[in-house]
Amino acid sequence: MDILHKDFYTQPTLDLARSLLGCQLIKETDEGTASGYIVETEAYMGPRDRAAHSFNNLRTKRTEVMFGPAGYVYTYVMHTHCLVNVVSGYTGDPEAVLIRAVEPVTGVDLMYKRRGDKKEKDLTNGPGKLTKALGIIKDDYGGSLDTPPLYITSGYQPDNISQGERIGIGNSGEARTYPWRFWVTGNKFVSR
DNA sequence: CGAGAGATCCTCT
DNA sequence: GAGGATCTCTCGT
């Protein structure tokens with residue numbers, strides 16, 4: 001498995017969201033290494049996407065990394081959870097891809113230890129779950145995705161990819177209906 | 001099994 | 001001081 005280089009991320013955000021499916025997301029910590037294949041993503045299109053944190057080019061300390069070049073980590077704390085995004089778009093375009101679900105590959109024992117004794121599919125089938133299973137924390141914010149401790153490699157080629165409306169953004173007007181969610185068709189680790 | 005509410009924390013107004 | 005790109009448990013059927 002080869003680490004994906006920065007040029008991989010410099011494709012249109014919707015293409016990147018599709019391309020990331022099947023790639024392997026890896027996190028190294030003191031406790032060990034855990035990784036999974038990405039099976040579900042959502043694209044957030046910055047200025048023209050009411051559901052994005054960077055809507056209307058809102059530039060703050062939190063969204064700052066999205067204005068930089070593609071291939072960096074954008075983490076966001078939500079209630080008791082942490083969510084992870086891949087920064088996309090050219091420098092100046094605040095776009096990102098949210099990773100919503102992964103399929104466990106390595107470090108499964110570690111995931112059980114972090115998540116508790118659950119069914120395997122409940123380890124990583126949601127954006128807040130996978131970050132806890134892999135040990136991704138807000139301190140990963142701003143890191144580069146082609147170097148440890150958090151990085152992405154090539155994985156497998158999904159048989160079929162599905163596309164549909166995003167999830168969990170009810171107050172976003174018509175942006176709610178944009179078909180910017182992608183997942184591996186039939187994969188049991190997809191969140192819905 | 002579907003609906004609903006609480007958890008609990010960071011960011012921006 | 002409000003609210004959010006969520007998760008989990010509880011309650012009622």
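Numbered from 1 within each chain, the chains take letters A, B, ... in sequence-line order. What you see is a predicted model, and the numbers here were worked out from it, not measured in a lab.
Protein atom CG of A:Asn85 is 11 Å distant from nucleotide atom P of C:dT6, rounded to whole Å. Separating the CG atom of A:Asp139 from the P atom of B:dC10 is a distance of 11 Å, rounded to the nearest angstrom. Atom-to-atom, CG of A:Leu123 to P of C:dC7 comes out at 13 Å; the value is rounded to the nearest Å. Rounded to a whole Å, the CE atom of A:Met78 is 11 Å from the C1' atom of B:dC10. Rounded to whole angstrom, the span from the CZ atom of A:Arg62 across to the P atom of B:dT11 amounts to 8 Å. If you take NE2 of A:His53 and P of C:dG3, they are 15 Å apart, rounded to a whole angstrom. Rounded to whole Å, atom P of C:dT6 lies 16 Å from atom NZ of A:Lys132. A:Ile137 has its CD1 atom 15 Å from the C1' atom of B:dC10, to the nearest Å.
The pair A:Arg166-A:Asp49 meets the salt-bridge criterion, with a side-chain N (NZ, NE, NH1 or NH2) lying under 4.0 Å from an Asp/Glu carboxylate O.
Here B:dG4 sits opposite C:dC9 as a Watson-Crick or G-U wobble pair (both hydrogen-bonding atom distances under 3.5 Å). The pairing partner recorded for C:dG3 is B:dC10, the criterion being a Watson-Crick or G-U wobble arrangement whose two distances lie under 3.5 angstrom.
Listed pair A:Lys61 / B:dC10 fails the phosphate criterion, with no side-chain N or O lying under 4.0 Å from OP1 or OP2. Taking only side-chain nitrogens and oxygens, A:Arg192 never comes nearer than 4.0 Å to OP1 or OP2 of C:dC7.
Residues A:Lys138 and A:His79 both approach DNA chain B. Their nearest nucleotides, taken by heavy-atom distance, put A:His79 toward the 5′ side.
The aromatic rings of A:His53 and A:Tyr76 sit tilted relative to each other, their planes meeting at an angle between 30° and 60°.
Contact annotation for A:Tyr74: base contact, defined as any heavy-atom pair under 4.0 Å involving a base atom. At a threshold of 4.0 angstrom between heavy atoms, the contacts of A:Arg59 with the nucleic acid are absent.
Listed nucleotides B:dT13, C:dG4, B:dT8 differ in distance to A:Leu58; the shortest reach to its side chain belongs to B:dT13. Set against C:dG4, C:dT8, B:dC12, the side chain of A:Thr60 has B:dC12 as its closest nucleotide. The side chain of A:Arg115 approaches C:dC7 more closely than any other nucleotide in the set C:dA5, C:dC7, B:dT13.
A:Tyr72 carries A:Lys6 over the face of its six-membered ring, with the cationic atom under 6.0 Å from the centre and within 45° of the normal.
Under the stacking criterion of a centre-to-centre distance below 5.5 angstrom and an interplanar angle below 30°, A:Tyr44 sits stacked against the six-membered ring of C:dA5.
Hydrophobic clustering (side-chain heavy atoms under 4.5 Å, transitive across Ile, Leu, Val, Met, Phe, Trp, Tyr) groups A:Val105 together with A:Ile38.
Residues A:Ser19 and A:Gln11 bring a donor and an acceptor atom of their side chains to less than 3.5 Å of each other.
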